[in-house]
Amino acid sequence: MQFLQILSRKPGKLEMLFQIPFCQKQFPYSCLGTSACIYSKKKKANSYEQVDQEKYKNLVYSVTSYKTSAQTPETIFEEDNLLYGPPDKHRPPAKAGTKTPKNWVPLINPDKRISPLNSDSNLPRKIMLQKMKMPSVTHILQQTLSPQQVFYLERWKQKMIVELGKDGFEKYTKNLFLQGELFHSALESIFLSEEMAVKEKSEDGVISGYLSSVEHVLEDISEVKALESGVHHETLQYLGLVDCVAKYRGQLCVIDWKTSEKPKPFLKNTYDNPLQVAAYIGAINHDANYDFQVRCGLIVVAYKNGSPAHSHFMDPDLCSQYWNKWLLRLEEYMDKN
């Protein structure tokens, strides 16, 4: 106490007591001020309180009300887009058409001669697929899937196995394949005017819905030139089996018949099918077994429940665009092998 009284009689001594010899500045006020800032810091606000509940109510509802069922790659894409947005969203979009094939071959064969009509020109061609040492269009597309496509297809497969079991999943895929075969066979019978065969197959509940689905499309198809016919590209060395070549609303097309349990109203919903059609068009135009050339394509998606099929017409410009994309995939395959 006496010590403090002595200091109070001599101004300036109190500050000297708290001064550090090695520092030029004094800090009694700053020290107290810093402590006050630490203990008076406001509590961090909960970020979830700032979420626009009205804006995301549909997302919340879709997640909380979703029932377990057999999913398809399409539903998985939609679910991921709702939850996370489009894949690779942070990457700058690549400019379409900037990459060109190294070994470019025209879609239309400039050297092919179109022979005059002959007596059997009205009969659709059905050429057996030759066993050559060439990869098929389907195999090439499967082997050049993007990492994103592989991821979603594998995840869909694993989910289906969890729901159906391994044996159940194998049975499910076999049934899908069988339905596709029966549907193509029924269409072939229709184009060949085999009325009895069509009647028998239409009575089969497995494909009756698919046939009802494509009724309005069949009305626009005429002059069938090929059915389930093998093709091969003599220059690029690949082969495939074409579903149908016929006129659709007056335009000669390669027609690809697809079945689906989910609507596919846009061409982009058909994934790699446009590349497949373009590959078949190019093969026909460079195959000596066919005395005609094709410039257009058509993808018809039929539905099991009988709802009207979606038909996606590909004009010459669109076919050329997908032809270039197919050539890039073909090059990628050849580089890998």
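The analysis underlying the following values was restricted to heavy atoms, covering all of them including side chains, and did not include hydrogens, waters or symmetry mates. Not measured: the values here are computed from a predicted model.
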Residues forming a side-chain hydrogen bond (donor to acceptor under 3.5 Å, both in side chains) with R329, sequence neighbours excluded: T144, D272

Pairing donors with acceptors under 3.5 angstrom, does anything connect the side chains of [X] and [Y]?
X: Y238; Y: H139; result: no
X: Q148; Y: Y152; result: no
X: Y210; Y: Q179; result: yes
X: D243; Y: H184; result: yes

Hphob cluster co-occupancy, [X] + [Y], side-chain heavy atoms under 4.5 angstrom:
X: L236; Y: V231; value: yes
X: L328; Y: L107; value: no
X: V301; Y: F266; value: no
X: I161; Y: L176; value: yes

Should E332 and K336 count as an ion pair when the cut-off is N to O under 4.0 Å? yes

Using the rule given for side-chain contact (heavy atoms from CB on, under 4.5 Å), can you reason through K126 versus E188, listing the C-alpha separation, both sets of side-chain angles and the distance that settles it, and then say yes or no? CA-CA 11 Å; K126 189 177 177 67; E188 184 177 348; 3.2 Å; yes

Would you say that more than 12 heavy atoms from the other residues, nucleotides or ligands in this model lie under 6.0 Å from the NZ of K171, or not? no

Kindly determine whether V242 and E228 satisfy side-chain contact (heavy atoms from CB on, under 4.5 Å), including the steps that lead there. CA-CA 5 Å; V242 176; E228 298 292 333; over 6 Å; no

Identify whether NZ of Lys or CZ of Arg in K225 sits under 6.0 Å from the centre of the six-membered ring of F292 and within 45° of that ring's axis. yes

Could you tabulate the donor-acceptor pairs under 3.5 Å formed by side-chain atoms of residues 246-254, not counting sequence neighbours?
from, atom 1, to, atom 2, distance (Å)
K247, NZ, E223, OE1, 3.4
R249, NE, D220, OD2, 3.2
R249, NH2, D220, OD2, 3.4

